[in-house]
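Read the structure below first, then the notes.
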Amino acid sequence: MIGMLSRSIRAGATHTQRLCALNWTTLRNKKLVRGYVVPPATLHLLEDCLELHYRGSRMHLDYVWLRDHCRSDSSFNFKTNQRNLDTGSIDLNIRPDHTKLEDDHLIITWPGGHTSNYSLCWLAENSYEGKKQSTIQPRILWNADIYNNSHVASSKWDTFMSSDDELKMFLQNYLLYGIAFVDDVPATVEATEAVTQRVSLIRETTYGRMWCFTSDFSRGDTAYSQLGLDRHTDTTYFHEPCGIQVFHCLKHEGTGGRNLLVDGFYAAETVRLQSPEHFDLLSHVPIRHEFVESDDGHHNHMIGIGPILNTYPWNNEVYLIRYNNYDRSVINTIPHNVVRRWYVAHRQLTMELRRPENELWIKLTPGKVIFIDNWRVMHGREAFTGVRQLCGCYLSRDDVLSKARGFGLQA
Ligand SMILES: C[N+](C)(C)CCCC[C@H](N)C(=O)O
Ligand SMILES: O=C(O)CCC(=O)C(=O)O
Ligand SMILES: [Fe+2]
């Protein structure tokens with residue numbers, strides 16, 4: 001399992017990306033890369049696509065796709081990175097009039113005279129064959145030992161607020177592990193908001209923008225009690241669950257109240273390895289989650305529908321887990337001959353999520369702000385006594401990933 005996980009990390013930079021980074025002028029002259037002879041690129045025009053052999057990969061590039069992805073000035077706006085070309089105007093039976101390979105570029109002349117010029121590196125990087133092999137987001141999946149032995153450093157408030165290198169390191173930790181910490185934050189809602197905004201935009205929800213809650217049952221949800229909460233992800237009842245959950249415990253005078261963290265993707269990968277058919281059910285059967293609240297001040301009825309595990313179809317990478325047994329709603333979207341199999345699959349995932357060795361327990365104290373990837377890492381809480389006050393907020397995932405990409409991180 002661990003071997004597999006580290007492969008997924010190394011897959012971060014694809015074969016083609018690494019090759020493209022080399023100096024090809026030298027290579028063309030020598031035709032030799034570290035002892036390997038580089039075969040020249042070759043082209044075959046098939047009925048509906050062009051077959052390109054380049055640096056060890058064989059790609060099939062559909063003619064309509066090629067015309068659609070033309071990067072000439074009239075087809076593509078490089079200032080805005082948007083397509084100019086009207087895809088609706090491409091002849092669906094289009095075929096090149098003429099093709100040639102020149103200086104690691106493919107040049108196509110289309111009927112009517114338009115010319116397209118594609119770098120072979122770009123094609124390799126953007127072809128289906130290239131994408132199928134690469135990981136969208138490299139991650140280090142963990143159980144308690146793996147996480148603890150990684151000795152992931154927390155950021156400190158001062159450096160975090162002033163240094164971009166520190167923010168980049170924080171984001172890298174967050175992307176790899178799905179959790180990241182900032183320490184020594186002043187124990188106020190304002191400072192929590194500031195530390196959060198350093199990362200990205202706050203996502204306002206029915207709970208507010210910044211929320212501060214205690215066990216006062218002010219809302220129709222057990223989070224607002226002293227009860228223990230089993231591992232779960234939040235806002236499963238949104239079609240797009242919140243991307244990040246931020247928690248800062250401003251005060252706790254009493255006992256208990258530790259938080260539990262479990263890497264949902266670690267558990268999901270174990271299920272995939274042991275019972276691919278269970279993994280398949282969990283990633284295809286749509287399930288409803290629901291939040292119904294009706295009292296004096298609050299009227300909410302949220303419904304979110306989607307499978308427990310969400311995967312990219314082309315490379316089977318998991319990108320989102322919705323797991324909240326409290327908020328899971330009536331199952332009426334599955335025929336009876338599938339229901340029991342789904343429960344068996346769900347039980348297996350639950351057992352993996354509940355293995356004690358997968359549980360990371362932490363006591364949040366004033367000053368320690370945790371960012372949790374709510375699409376990946378479950379959180380829970382131990383029952384507590386006394387006054388416990390937690391503040392925090394949600395972030396939307398797109399904005400956080402965009403920030404990370406801005407630092408050159410793969411996300
Ligand atoms: C975090 N905050 C206390 C504001 C909201 C808690 C929401 C809890 C809900 N059952 C869910 O899982 O989404
Ligand atoms: O009280 C806690 O530590 C967390 C409760 C919870 O699950 C939530 O607010 O989403
Ligand atoms: Fe929660």
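Atoms within each ligand, like the ligands themselves, are counted from 1 in listed order. Just so you know, these numbers come straight off a predicted model, no measurement behind them.
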For atom 13 (O) of ligand 1, the closest protein heavy atom turns out to be Tyr237 OH, 2.6 Å
So the atoms of ligand 2 within less than 4.0 Å of a heavy atom of Gln245 turn out to be 10 (O)
Do you see a donor-acceptor pair shorter than 3.5 Å between the side chains of Ser218 and Asp216? yes
Those atoms of ligand 2 less than 4.0 Å from some heavy atom in His379: 6 (C), 7 (O), 8 (C), 10 (O)
Output the atom name for the N/O/S atom of Asp234 with the smallest distance to the Fe ion (ligand 3). OD1
Where on Asn324 is there a heavy atom closer than 4.0 Å to ligand 1, on the side chain, on the backbone, on both, or on neither? side chain
SB check Asp164 Arg198 (cutoff 4.0 Å): yes
Which of the ligand 1 atoms, numbered from 1, are nearer than 4.0 Å to a heavy atom of Tyr224: 2 (N), 3 (C), 4 (C), 5 (C)
Which of the atoms of ligand 1 are close to Asp221, meaning less than 4.0 Å from one of its heavy atoms? 8 (C), 9 (C), 10 (N)
Closest to atom 3 (O) of ligand 2 by heavy-atom distance, out of Glu382, Arg388, Met378, is Arg388
Check each atom of ligand 1 against the heavy atoms of Phe213 and keep those under 4.0 Å away; list them by number with element. 3 (C)
Do NZ/NE/NH1/NH2 and the carboxylate oxygens of Glu277 and Arg341 come within less than 4.0 Å? no
Applying salt bridge (Lys or Arg N to Asp or Glu O under 4.0 Å) to Lys156 and Glu166, what does each step give before you reach the verdict? CA-CA 9 Å; Lys156 298 272 178 294; Glu166 185 67 24; over 6 Å; no
So, for Tyr207 and Phe213, is the gap between ring centers shorter than 6.0 Å? no
Heavy-atom proximity to atom 11 (C) of ligand 1, best of Leu229, Asp327, Thr236: Asp327
Please state which part of Leu364 comes within less than 4.0 Å of ligand 2, counting heavy atoms only: side chain, backbone, both or neither. neither
Is there at least one pair of N or O atoms, one from Gln245 and one from ligand 1, spaced under 3.5 Å apart? no
Tell me whether the guanidinium CZ or amine NZ of Arg203 lies under 6.0 angstrom from the six-membered ring centre of Tyr394 and within 45° of its axis. no
Enumerated ligand 2 atoms positioned under 4.0 Å from heavy atoms of Leu229: 5 (C), 6 (C), 7 (O)
of all protein heavy atoms, closest to atom 2 (C) of ligand 2 is Arg381 CD, 3.3 Å
Nearest non-hydrogen protein atom, atom 10 (O) of ligand 2: Asp234 OD2, 2.8 Å
State whether the number of non-hydrogen atoms from other residues, nucleotides or ligands found under 6.0 Å of Lys251 atom NZ is greater than 12. no
Atom 9 (O) of ligand 2: which protein heavy atom is closest, and how many Å away? Phe213 CZ, 3.3 Å
Ligand-side contact atoms (ligand 2) for residue partner Leu390, heavy atom cut-off under 4.0 Å: 1 (O), 2 (C), 3 (O)
Do the non-hydrogen side-chain atoms of Ser150 and Trp142 ever get within less than 4.5 Å of each other? no
State plainly whether the residues Arg83 and Asp68 are in salt-bridge range, i.e. N to O under 4.0 Å. yes
Run the salt-bridge test on Arg397 and Asp373 with the 4.0 Å N-O cut-off and return the result as yes or no. yes
Do Tyr394 and ligand 2 have an N or O pair less than 3.5 Å apart? no
With a 4.0 Å cut-off on heavy atoms, is Trp211 in contact with ligand 1? yes
Taking only Lys NZ, Arg NE, NH1 and NH2, and the carboxylate oxygens of Asp or Glu, determine whether Arg58 and Glu129 approach each other closer than 4.0 Å. no
Using the ring centroid of each side chain, check whether Tyr63 and Trp110 are separated by less than 6.0 Å. no
Do the non-hydrogen side-chain atoms of Val344 and His278 ever get within less than 4.5 Å of each other? yes
Minimum-distance protein heavy atom relative to atom 8 (C) of ligand 2: Phe247 CZ, 3.6 Å
Are any side-chain N or O atoms of Arg231 and backbone N or O atoms of Leu353, one a donor and one an acceptor, separated by less than 3.5 Å? yes
Protein heavy-atom partner closest to atom 5 (C) of ligand 1 - residue, atom, separation in Å: Tyr394 OH, 3.5 Å
Taking only heavy atoms of His232, which atoms of ligand 2 are found under 4.0 Å from at least one of them? 7 (O)
Just heavy atoms, cut-off under 4.0 Å: does Thr222 contact ligand 1 by side chain, backbone, both, or neither? neither
